[in-house]
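See structure below.
Since this is a predicted model, take the numbers as computed values, not measurements.
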Amino acid sequence: NAESWGLSRIASIMALSDLRRRGLVLYREILRLHQRKLPPTMKELGDTYVRAEFRAHHGPNTTPPQYQQFMNAWFSYVQTLRSQKDDIGKDLHDIDIETLSEEQRDKLQQLRQEARKLKDT
């Protein structure tokens with residue numbers, strides 16, 4: 001029935017709105033951690049990547065479960081950065097890479113190339 005569909009749609013929109021508010025807090029925390037923990041060249045690369053990812057997942061085509069998964073991944077990143085003292089970064093194991101989508105693997109490859117360019121300069 002149209003009325004129940006409308007209510008569930010409103011509930012879904014509200015849930016996504018709440019997730020996005022929490023996403024904004026997470027986004028700001030990531031930028032603060034980059035400021036405190038990363039060398040300038042890594043900070044620049046990291047900030048650019050984070051901005052692009054948050055913009056891409058902030059659109060109307062992102063469902064609440066997709067956005068929650070996105071947030072969980074970035075929250076894990078925040079925990080990793082917080083726990084690291086001197087050496088920044090974390091190796092990805094083959095099993096981690098295998099679970100990535102094709103689009104995520106492409107982005108990972110682009111990020112690797114950009115990081116190598118920075119390392120070579």
Side-chain angles (χ1 to χ4, degrees):
N1 114 25
E3 185 175 310
S4 66
W5 181 86
L7 292 176
S8 73
R9 177 85 173 129
I10 289 170
S12 178
I13 290 169
M14 289 175 65
L16 188 56
S17 176
D18 181 52
L19 278 173
R20 287 188 174 151
R21 265 194 302 280
R22 288 187 280 156
L24 184 57
V25 171
L26 182 61
Y27 172 75
R28 288 177 181 154
E29 177 63 14
I30 292 167
L31 294 181
R32 277 193 291 272
L33 283 167
H34 283 183
Q35 182 71 32
R36 289 195 317 256
K37 296 237 179 199
L38 300 181
T41 53
M42 286 179 70
K43 177 194 173 307
E44 183 181 337
L45 177 63
D47 288 355
T48 300
Y49 183 75
V50 169
R51 268 189 219 100
E53 284 298 298
F54 272 80
R55 281 188 184 131
H57 287 84
H58 206 72
N61 296 330
T62 305
T63 66
Q66 290 169 330
Y67 199 74
Q68 185 64 56
Q69 182 180 9
F70 171 78
M71 295 259 303
N72 290 344
W74 282 104
F75 184 71
S76 176
Y77 173 74
V78 165
Q79 290 177 315
T80 299
L81 269 184
R82 284 179 180 163
S83 70
Q84 295 175 336
K85 302 295 181 216
D86 296 325
D87 291 332
I88 301 297
K90 178 181 172 186
D91 290 332
L92 286 176
H93 301 287
D94 289 340
I95 191 77
D96 295 328
I97 295 172
E98 288 172 10
T99 62
L100 298 176
S101 70
E102 190 64 34
E103 179 183 355
Q104 289 170 323
R105 283 188 218 132
D106 289 344
K107 286 186 181 189
L108 180 60
Q109 187 59 33
Q110 290 171 357
L111 189 56
R112 282 180 177 157
Q113 290 170 351
E114 289 298 317
R116 283 187 186 121
K117 286 181 195 174
L118 289 175
K119 187 177 179 181
D120 294 339
T121 59

*So which pairs with a foot in residues 28-47 pass ring pair (Phe, Tyr, Trp, His ring centres under 6.0 Å), sequence neighbours left out?*
His34-Tyr77

Between atom [atom1] of [X] and atom [atom2] of [Y], what is the distance when rounded to the nearest 0.5 Å?
X     : Y     : atom1 : atom2 : answer
Leu33 : Arg28 : CG    : CZ    : 14.5 Å
Glu29 : Phe75 : CD    : CZ    : 9.5 Å
Arg82 : Lys37 : CZ    : NZ    : 9.5 Å
Leu38 : Leu45 : CG    : CG    : 9.5 Å

*What's the verdict on side chain to side chain contact (heavy atoms under 4.5 Å, CB included) for Lys43 and Gln35, showing C-alpha distance, side-chain angles and the deciding distance?*
CA-CA 7 Å; Lys43 177 194 173 307; Gln35 182 71 32; 2.8 Å; yes

_Angle between ring planes, Phe70 versus Phe54, binned at 30° and 60°: parallel, tilted or perpendicular?_
perpendicular

_Any donor-acceptor pair under 3.5 Å linking the side-chain atoms of Gln110 with those of Asp106?_
no

*Would you say the side-chain atoms of Thr62 pair up with the backbone N or O of Tyr67, donor to acceptor, closer than 3.5 Å?*
no

*Excluding sequence neighbours, so at least two apart, what forms side-chain contact (heavy atoms from CB on, under 4.5 Å) with Arg51?*
Tyr27, Asp47, Thr48, Arg55

Would you say [atom1] of [X] has more than 12 non-hydrogen atoms from neighbouring residues, nucleotides or ligands within 6.0 angstrom?
X      : atom1 : result
Glu103 : CD    : no
Gln69  : CD    : no
Gln104 : CD    : yes

